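Comments concern the structure below.
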2 protein chains.
Amino acid sequence: MSLGGLLGEGTGAALQQVRTEPIQQRSAARLSGLLDAAAAVVDEVGFDRITTAMVAERAGASIGTVYRYYPDRVAVLHALHERAVARFRQRVVDELSASTLTSWWDAVDCVVTAFVGLYRTEPGFRIVNFDDRDGAPAADAVADADFFARRLADVLVNEFDLPSGDDLIFRLGVAVEMADALLARAFHSDPIGDERFITECRLVMRDYLDRFYSPQALDLLATLP
Amino acid sequence: MSLGGLLGEGTGAALQQVRTEPIQQRSAARLSGLLDAAAAVVDEVGFDRITTAMVAERAGASIGTVYRYYPDRVAVLHALHERAVARFRQRVVDELSASTLTSWWDAVDCVVTAFVGLYRTEPGFRIVNFDDRDGAPAADAVADADFFARRLADVLVNEFDLPSGDDLIFRLGVAVEMADALLARAFHSDPIGDERFITECRLVMRDYLDRFYSPQALDLLATLP
DNA sequence: TGGTCACCGAGTGGAATTCAATCATCCTGG
DNA sequence: CCAGGATGATTGAATTCCACTCGGTGACCA
């Protein structure tokens, strides 16, 4: 789940992707250099044509260096995905603080906007996000989505007084799944993103959550014990 | 898109997956045996760890035999998916004819029910379905989803007088994406399927489509030119 | 009995991964 | 300040793995 884990400071699994934590400064540059190279290569040749040799060469490193940091080919792509998600997280924060939020809806809208922005500007993300659903990430994905739903729930509860609880988390989880699917569809064959799906995504999110959390629904809820 | 192509009699690419059409009877059994083996292996080791050797061994055949029928490893998984979809198609038909349909909603509900049943009973489908978005099928997937949306639109237009047109197809496409995401989520870590997500899927589908195609909405639409 | 059809499995090639050797940097005692 | 050992970082040839090919062998048919 790609929207998952957006607000987490690392979801646990993320950090263990790196085999050996770099100790000297130069290797930090190496690490991000490898990811930059991977992003470029993925954009050029696609997900399933990428080879470790290409990544190494593009990064000006040797094969062995790749394996020093990542246990296998797929882990490199995972890490690329993780980094993109981290940048997205920052983007959400920026977006949230740059906007004047008058209701929970504005916050949700910011998240969608940030995600769309990520698709558009982060090299390789579009492809990695589609293809990263295999194998290993599958297990993490649900945990990530759940984690993200919890974080988002915190924000909505604290900022907009939505009623906290498992119901809210579950519904945000549902919303995240739907949004991810629709945005993936929007960008599937269109680097700019098909606006119809993006618009419909916002609409669906709002309608779905309005059902439970519109002012009217909340008022109604308040009148009941 | 996994719900995609459900009602199609083959989407064009489907039939060309088999390299050589079997001529003698025994080879028909071989073919389905290979798929059974692939399904079992996929269930055991997962999508990206499956090897042609594993499939061959499980089927009691040799590597060469696999390649006699399928051009490559991915084609085997395509074929497995296709077979599952074919069975699903039958299940939809059964479901539709076994139910008394009083509105378009009943038809949509049947599709969801059939899809859930497929997840539960078709070996290997759960995993293949997740990963079928990736790699090669990715391109087909959107076409499939679109194709399925069109077929479903036909049914709803003919049986329940929904207004035909691109809008209906687009909205069904959106609905398909959402349903697929939510059902995938329901079965992601639960072989039986998390009922909360299944229920929510039905609810979301209905709410979303009701917005445009509820009796009230249709009446309203009718009063306008 | 000749001609397809089906099957086999060692062989090929390319990509993933390993690992022993080498280089770079840091650290410490003098 | 500076040997020079210790440890981190890098290398790339060697190895392993795996998808895929192909020539040979038997099975069915007419």
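The structure presented is a predicted model; accordingly, all values stated were derived computationally and were not measured. Every chain is numbered from 1, with letters handed out A, B, ... down the list of sequences.
Applying the 4.0 Å criterion to OP1 and OP2 of D:dC20, one finds that B:R73 has every side-chain N and O outside that range. Not one side-chain nitrogen or oxygen of B:T51 sits closer than 4.0 Å to the OP1 or OP2 atom of D:dC18. Between D:dT10 and A:S62, no contact under 4.0 Å exists linking OP1 or OP2 to a side-chain N or O. In this model, the phosphate group of C:dA6 is not approached by any side-chain N or O of B:R30 to a distance below 4.0 Å at OP1 or OP2. Taking only side-chain nitrogens and oxygens, A:Y67 comes nearer than 4.0 Å to OP1 or OP2 of C:dT17.
Minimum atom distance to the side chain of B:I63 is reached by C:dG9, of the listed D:dT11, C:dG9, C:dC8. Taking every side-chain heavy atom of A:T52 into account, C:dA16 is the closest of C:dA16, D:dT10, D:dC20. Closest approach to the A:Y69 side chain among C:dC7, D:dC20, D:dT10 is made by D:dT10 (side chain taken as heavy atoms from C-beta onward).
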side-chain contact (heavy atoms from CB on, under 4.5 Å), that's the test. Do B:D109 and B:E95 meet it? Break it down for me.
CA-CA 10 Å; B:D109 205 39; B:E95 200 79 37; over 6 Å; no
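Smallest separation of non-hydrogen atoms from B:L101 and B:A107: CD2-N, 4.1 Å.
The distance from atom CD1 of B:I50 to atom P of D:dC20 is 12 Å, rounded to the nearest whole Å. At whole-Å resolution of the value, CG in A:L77 and P in C:dA16 are 11 Å apart. The nearest whole Å value for the distance from the CZ atom in A:R68 to the P atom in C:dA24 is 16 Å. In this entry the distance linking CD of A:E57 with P of C:dA15 reads 12 Å, nearest Å. Rounded to an integer number of Å, the gap from CG of B:D72 to C1' of D:dC18 is 13 Å.
Applying side-chain contact (heavy atoms from CB on, under 4.5 Å) to A:V45 and the options A:D48, A:V41, A:D43 leaves one that passes, A:V41.
Between B:R185 and B:E200, none of the side-chain N atoms (NZ, or NE/NH1/NH2) sits under 4.0 Å from a carboxylate O, so this pair counts as no salt bridge.
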